[in-house]
Amino acid sequence: MTPRGQVIVAALAAVAVPAAAAAAPARVHSDTHEVRACLPLATGGALVGTGGGLVLVDASGVQRAVWTARDGLPGTRIESIVREGDQVWIGADGGGARIRIDGEALAVTRSIAGAAIRDLVRHDGALYAATWNGGVVKLGARGKGVTVPFKGGTRAARGRVAALVSSGGSLWAGTAAGLFQLRGGRLEPVTLGVAHPNVAITSMYAGPAAGSGPAADRLWIATTDGLLVRDGDGVRDLGGGHVTRVTAVDGAIVVAGLGEGLRRVDRGRLIALDGAPAGLVLAQALSEHDGGACAGGLDGLWLRPGAGAAWRAAPHADGLLSNDVSALAADGERLWVGTFDHGLAVHERGAWRTVAHPDLDGRINAVLVEPRPGKASRLWVATAAGLMTLDGDAVGRLTRRDGLPGRSVLALTRLRDGRIVAGTSTGAVIVTDARPAPLGPPGTEIGNVWAVAEDVDGMIWLGTTTGVWRGPSTAAVKAGDRGTGWQRFAVATGHLDDDWVMAIAARGRSVWVGGYKGGVVRFDLGDAGAAMPSTAARLGGGWINPGGLRWDGDTLYASTQEGLRSGDGTTATWTTATGLPGKDVTAALRVGATHWIATRRGLLELPRLAP
Amino acid sequence: MKSLLSTASIRNLAALGATATALACGSAPTARHPDGALAGGSARADLPSTPLRLPLELVRARGVVRVRTGADPTWRPLTAGTPMTAVREIEVTRQGAIVAIGHGDAAGRLWLRAGARLRLAQDDQGVYVEALAGKSRLRRSAAAIPVAVASRDGALAITGDVLLAARNDGTTQVLATGARPELADWSLGLEHDQDGAGIGRLEARGASEIGEPLALRKVDVRVKTAGDLAMTEVEHVFFNPAAETREGTFRFPVPDGAILTGMAMEISGRMMEGEIVEREKARAVYEKIVDEMQDPALLEWEQGNWFKLRVFPIEASSEKRVVIRYTTPLARDADGWAYDFTVGLPETGGTSTIGALTVTVDGKVAAKETNVAGGLDLSVPVTTTVAAVMREVRADGTYTAVRVTPARSLFGGHATAGAGARPPRRLVVVFDTSRSTLEGRPLQLELLRTTLGELGDRDRFMVLASDVAVVAHATEMVAATPSAITDAAAFLDGIEPDGASDVGAALAAATRLSPTDIIYIGDGVPTWGELGKAPLAALAAAAGAPIHAALVGKGASTELWADLAGHSGGRAMMVRRSIDAARFALAAAHGGDAGRIRNAHLALDAGASGVLYPNRATTLWDGDTLVAIVHTPTGAPVPASLTLTGDVAGSEVTQQVMLAGAVDTAAVAQRWAVQHLAALDAADAPREEIVKASQDHGVLSRHTSLLVLESDEAYKLHQIERKKAEEQQLAQAPQVTGGDLDTLGARQASLSPDEIQPGDPEIKIPAPRDARSVIVTFPWGETKVAEWDRDVDAWMVRFLIDKDTADGDYQARVTVTHADGRVEVLHLGYTVDTVAPAMRLTATRTADGYRIEARQLATTSSRRKDADRVEVVLPGGEILMLAQTSWGRFEGLWKTAAAAAPVTLRVVVRDHALNQAALELVIGQ
């Protein structure tokens, strides 16, 4: 369990980064604002599935605990929460788990790794799981279960199952390919007749609404294009746009939708739900139990403690701007955190502060701290809409209008002489006194520049989609000069296994180059002035993320799509970290004694470790 | 209404060219808006309760015309050949119509634009017209039964030709047609055959060589406004029903005043953006590749405002998409700004229906129809804010546009000439009969008849046939009667076009006749006698009359006559079609009635740098707005103001125009470039300079064409710079772009649907900025809220394609909630592709080496041949980059002696999604 605002001790199995982590306190920072599922509890609180973990909130909506993959859950993004008897199952992006909550403690009593689980239902004595891209799985007492065969529908679409219902003696599966019914041990398509070809089922509920007359086998089917109701073989389309959830609340059929919040069915129409949370527009979650109810979505969480009570918005918990962290940079004890599409934040003295400015684009690719003697550091932020600088409260912005060759800035480095080199979506620039000038092999289109670095001899390296280029000495590159003597290393030259270069790290007389799926390659420079060798050493390491190579002491860290790996930089032996909130690691950085590991599912803080 | 013929003072009606008399209603004084609206009074003029006694006759109808008669509340169709009496209301929808008030235009003639609704009445004093909705035009000759335009507070008795527009506040805007002839274009169009305005046509030929128009399944017109401009994109989807591949010719009519800015064509399922290329080079490239590769396309001017494009191949039983883009000024409406769009399906030839037509203006659907036949005339109000000063900053400097409206005070009393009939005219027509006018003679004669036909009964005229000699058609000025006009035309028809053109002699002859106006009809190029511009200007000035020039023929030039007209207070127009002739006639015959600034010039402040257009004398009428544009080079300060100078009735007038408060607006540079290109052309600037300006600004010139090739590689192969690469990215909606996709550098692989590896692509959604929300739901169940990106002027959202995502086709759902609450759903397909291309490699011995060919093999994992780069590592390490010759085909020449022993070459291939494979090619076995 990771109570917010506290530091707890947790076990790390086979954690390699850092070596002493097993005994270290750690904390996962995550954004829990987006509600994807919820379950009201008898306490008046709720269990809430968010994009940043499973959250326990009390009756006031205050978060009491946040659990992530680090706490043994099969994933950090929680897709579903289902009460099954006296137990609770959760579906996450990495599988499902049966859990037990005792006070504020979580116990995982069973975990099934695999495809994301979106729904669970007991039917005919067996438990079935709706998986995303894995079809319907019949779970036994152990193991991963057995996939139920399908008949009809395209393989990809029918494998994306969002909802299961047991009704009228049948099991019904709502998929991206429509409705299926379990017959003779396999799932067969059921014609709905009214749906658009692109419509996918998102949620289902079985049972009549109060006052709507007996219809024991009535199915309410939420789809991306409206609500359907199936009575016997007849299907009616109630419309309503993108409906994400359908369930019964106080005996009425209520739906959650994107753009319309909560509505209820009234005589075959969707109408406003009396007292519905006004701020909930992009609704994805809705659940009711014994009068208590919860609802939420991209706008946050709302709770209703009992039937007839008013909906109340849960307070927004401070934390990460987004779980999808794309860049880290340290300035003393201050940690700058750039996110994939939710802007920039700074973590300092245990608190988060959002950096908001109209000129600062929220899609951040890289962050660089430029120390300045006698002055506060300046921050350079590479974004999808240009290169920003943050100098105190002043925000500067360089775009194509100012000479950047590409709109998106992908990589940054600071040369020893203080100039900044930026890689963009169409070439690189060297920035002198806030004026960018093109850099790179003249007359050659090098494509995206995902990595930039300077080696020990002062030579510039550009990691591109056409391989890695080693350029002239930085001292030789003057304003307005692209530089000459560029040398290309690529698949064609035999140096790389993938021309899409994502990261470069220089140390001593070697340079390590990481490819999108080509692993890490080490270039040994030899003596100063010597020609580059005709080969480079393949070290493996997997799918390297942008800016994903970093030396810390004698350890080379590789942030990959398959986890954080560490090695010595000379051999192809890597150790993969576990206990991370997400396996897709985008950055790793040490600030003082604290290690920070950024993933697309949150940020892990490993404090008080020896360097 | 008490009296039709009571009088009141009229302010500014002369500015309207008003041959109109204001009439008081009841005892309320008549208040008027400066631009001629009848407005402001508290009392409403009550029309007589009696409907029109005269029969209402349909002269011509494109749209649906309905009337209400007597006390009958129902609408009934008004059809040709069946005049109706007792009409009290008329309306026209879809397209316009022309009706006669009374047999033989007894009380005048009405032109009604689509959407117009008029109330009609008649009593013993005459006929009354009240505009209830839309736009119309009314013409009444002096001899006809009196007609008055009624509005809230009074009525105007009309003599002559006026434009009426119903305002939202219930008043009516009344403008003299001659003062603003461009506003009457829609009515002039009604008088000519519909030749297919607004949309293109594709005529296809198969083995039989017999051409036929292809069905137009769909037309999407997407319009985005910026300042006082509209950027229009017309996407056509044609269908070839034949079981054979055919070739065809696409033709498109560019609207008057439009700047053609781009085109794109679907090639192998991918929209390829055209590039502006020097005309001769474009032609050479086109000719070179047309037999080797599929799908080059060259858009060239054909005639008039028509452009044509050869299209090949048009696959059997398949669709073909062609996109045309252009920029036009917004129309100034009575209540604001409007976007005008006319679809006119050709009355002969061409496709007769459009399967589905959608017109979207700033994200709002203005029209959505299926099985459109005939046509549609739209005038869509635009809620744009048009700044007085607009600016576009580019790498080469700042372009500043300013809307210059001369202050009314500049016109002094000359803007308020007395009401009632104007003094008789003495018109001299200089008719060029030199050899160079041979081809343009029919249009010249049409101009003559149309212009003289606009004169009043008291006006007189003289025609001077002008070549090396000047011959008058009569011994003295004659009255502008129909027979006199016929005689004049016959006189000219009898003169064989021959000899040179002595413009100086003609001007001197005209001056001797003491004319009130001089009309010139010819190609405008002096070739005999006095050729100097200054002496000719002096001769023109000596005439002391406004000169209106209609320039006709292939070699026509405004170079001389624009100045002569501008100095004298007249107009010069290029006339290419009948509709142009009608517009000229209106302006020339009626424009002289209004107050105006002659010899109007704009100048930069002393010491300011920049290139300003317009940079020559012009005439500004009261109510005109001129758009001046200045280009200031990077580093130079933008001027703070401009100065307008001119001459009103012999007195110099001056107005300072401030450039402060500029608002960033698109296409300012393009507007400047249009005038710059014209200036370069007029100055006989070097061809290279014109081509460069054309390409730099993305505006076609006489020396450039739009060329579409089948792939980015083909452009590269022919050394054509991809200036439109960004448009290529932005053209489709929504689209996947950025990140991993645009990669791809110059290749700009970011097309939709695209083949992409897992990574971080972006989606661009061109929803309007004021949309309430744009939400994207991804196939794995994640929902993201798009953000407005001011740089790309669209909504953007990034997403992650997880590494474990299986190859295949996926779809994201985009939900746009518009400002008015309307919800629009779009589906975006994309393909994840992680499989490297499979290639077959061959090497063939040639005289000086080996020709190496790589051909992509079809695989089940690849929907199309998407390889885009093949590198061959030669012995010694140098790399030979094979050139792409078509989809999936590459070739190159390795210059070497014959291999004595087998040589193994390493070959690296890559596809659009950056999947790579390393292969080996053994040579010399």
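Order of the sequence lines fixes the chain letters, A, B, ..., with proteins taken first and strands second; residue numbering starts at 1 for each chain. Both backbone and side-chain heavy atoms feed into the values below; hydrogens, waters and symmetry mates do not.
- Within a 6.0 Å sphere centred on CD of B:Glu878, other residues, nucleotides and ligands contribute more than 12 heavy atoms.
- Side-chain atoms of B:Gln916 come within 3.5 Å of backbone N or O of A:Asp499 as a donor-acceptor pair.
- In this structure, CH2 on B:Trp780 lies 10.5 Å from CG on A:Asn133, to the nearest 0.5 angstrom.
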Task: Verdict with reasoning, A:Asp225 to B:Arg813, per side chain to side chain contact (heavy atoms under 4.5 Å, CB included) - done: CA-CA 10 Å; A:Asp225 208 23; B:Arg813 175 192 173 95; 3.7 Å; yes
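- For the atom pair NE2 of A:His342 and CZ of B:Arg798, the computed distance is 12.0 Å after rounding to the nearest 0.5 Å.
- For B:Val907, no part lies under 4.5 angstrom from a heavy atom of chain A.
- Only the side chain of A:Glu562 comes within less than 4.5 Å of a heavy atom in chain B; its backbone stays farther off.
- Comparing A:Arg77, A:Arg397, A:Arg118 by how many heavy-atom pairs each has under 4.5 Å with chain B, the most go to A:Arg397.
- In this structure the side chain of A:Arg600 never reaches within 4.5 angstrom of the side chain of B:Asp802, judged on heavy atoms.
- Using a 4.5 Å heavy-atom cutoff, the side chains of B:Thr777 and A:Leu258 are in contact.
- The distance from the NZ atom of B:Lys803 to the OG1 atom of A:Thr560 is 8.0 Å, given to the nearest 0.5 Å.
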TODO: Starting from the C-alpha separation in whole Å, work towards a yes-or-no answer on side chain to side chain contact (heavy atoms under 4.5 Å, CB included) for A:Asp498 and B:Leu914.
DONE: CA-CA 9 Å; A:Asp498 182 6; B:Leu914 293 186; over 6 Å; no
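- Within 6.0 Å of atom CZ in A:Arg435, 12 or fewer heavy atoms from other residues, nucleotides or ligands are found, so the atom counts as exposed in its surroundings.
- Going from atom CD of A:Glu79 over to atom CD of B:Glu782 covers 9.0 Å, rounded to the nearest 0.5 Å.
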Open item on the list: Using salt bridge (charged side-chain N to carboxylate O under 4.0 Å, His left out), reason through B:Glu762 and A:Arg363 one step at a time and then give a plain yes or no.
Closed with: CA-CA 10 Å; B:Glu762 291 181 319; A:Arg363 297 162 291 177; 3.3 Å; yes
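- B:Arg869 has its side chain within reach of A:Thr466: a pair of non-hydrogen atoms, C-beta onward, lies under 4.5 Å apart.
- With contacts defined as side-chain heavy-atom distances shorter than 4.5 Å, the pair A:Lys517/B:Asn915 qualifies.
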- [ ] Go through B:Glu787 and A:Asp361 one step at a time and tell me if the side chain to side chain contact (heavy atoms under 4.5 Å, CB included) criterion holds.
- [x] CA-CA 10 Å; B:Glu787 297 281 339; A:Asp361 192 85; over 6 Å; no
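- Both the backbone and the side chain of B:Thr783 come within contact range of chain A, with heavy atoms under 4.5 Å apart.
- Minimum interatomic distance between A:Ala492 and B:Glu871 (heavy atoms only, all atoms of both residues): CB-OE1, 3.8 Å.
- With respect to chain B, the highest number of heavy-atom pairs below 4.5 Å among A:Val491, A:Asp341, A:Asp324 belongs to A:Val491.
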